[in-house]
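Worth knowing before you read on, the calculation uses all heavy atoms, side chains too, and leaves out hydrogens, waters and symmetry mates. Counting from 1, the numbers follow the sequence of the chain as shown.
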Amino acid sequence: MRNVVFVEGVRTPFGKAGDKGMYAGTRADDLVVNAIRELLRRHPELPPERVDEVAIAATTQIGDQGLTIGRTAALLAGLPKSVPGFAIDRMCAGAMTAVTTTASGIGFGAYDIAIAGGVEHMGRHPMGEGVDPNPRIVADKLVDPTALVMGQTAENLHDRFPEITKERTDAFAARSQERYAEAVKTGKIGPELVPVATRDKELGWGLATEDEPPRPGTTVEQLAKLKTPFRPHGRITAGNAAGLNDGATAAILADEDTARELGLPIGMRLVGYSFAGVEPEVMGIGPVPATEKLFQRTGLSIEDIGLFEINEAFAVQVLAFLDHFGIADDDPRVNQWGGAIACGHPLASSGVRLMTQLARQFAEHPDVRYGLTTMCIGIGMGGTVIWENPAYNGSEGAK
């Protein structure tokens, strides 16, 4: 097996889904094409014909997110027609799976270089659009009926772990907004963003240069007053969950020797990955067994991980992971620059956002050897990837 490296990831600014969102008049495929073109622009040392595969994920593979979007996006981005591509669907972990799938091909020797990413235009294509779930899934009691509504699965997670109170989730959500705002202010978030030309029927042309969902200055007191749409007197609100968003991500993956041959930077090195299934009605717990499974395979433990990027689909789901591993709610190693509660979660694209942020954090932390990206996945799954920091200096006491 060959070493697989994450060269660099980029993303579009994330927008709010809906008619008033900044991408309301923008095609989904154009979002991911912008991301791929930006990767090629940033890396002129990469001959386009050396790209062996393009894997792009979308949860709702219909309309401008359909038609084997990995292939069509590659063509639209200007890659040679000799470069193949394909589409992936693992709901929220689409881009994560695009990375792990192509990385496996690189490690095996089928590819030298691949581009992996994801796109979701939830304004044009709401989750579940056009699907026809087999009625036996519910009729035969294969899953609880609440399993098909993500907000209800988060309420179920609160039921299972009553020690995770709404007060804790609101505090975590406010902290996510605060950390994100500080990261933007200090320039931590911004260099990975790809400007996107937008079109509005009334305002005309514009340019998206920053995320639309964040609510800087959000307080716990404000969050406490929000409605709980999934259950009367519930605990899940629009404030302690990620919203409905539009956006795209893309990353370059390579065999380490090939990266060095071409002069490509090495952002981080893949250690291993794992996916695990859980009861669909509590899908938010998925990162726990996925991570435990990966620790068993790699011989690492939670004590070896110095940085965490956990997708914030819901605050309760992140806190369930932290409680399981004995990590404090406000641990500075976790989501240093905030998370999806602040910047948004365009489903299939988010996995590469996590990886992009971790790679850039590694560069700032040579004392950290291993980092982890993890996320819960709809229909009852979790996915975790462990990465190694190429800048690790081996200092005493380093993680």
Greater than 12 external heavy atoms within 6.0 Å of Arg2's CZ: yes
Heavy-atom neighbours of Glu210 CD exceed 12 at 6.0 Å: no
Is it true that [X] and [Y] have a side-chain N and a carboxylate O under 4.0 angstrom from each other?
| X | Y | answer |
| --- | --- | --- |
| Lys225 | Glu221 | no |
| Asp330 | Arg175 | no |
| Arg42 | Glu38 | yes |
| Lys201 | Asp19 | no |
| Asp323 | Arg168 | yes |
| Asp211 | Arg353 | no |
| Glu182 | Lys188 | no |

Arg360 NZ/CZ over Phe362 ring centroid, <6.0 Å and within 45° of normal: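 No.
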Cation-pi geometry met for Arg90 and Phe275 (6.0 Å, 45°): yes
Centroid-centroid under 6.0 Å between Tyr180 and Trp337 rings: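 Tyr180 vs Trp337: aromatic centres not under 6.0 Å.
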Thr102 OG1 to Glu53 CD distance, which is reported to the nearest 0.5 Å: 8.0 Å
Interatomic spacing from CE in Met283 to OG1 in Thr146 - rounded to 0.5 Å: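 One finds 11.0 Å between CE of Met283 and OG1 of Thr146.
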Heavy-atom donor-acceptor pair, Asn389 side chain to Val368 backbone, under 3.5 Å: yes
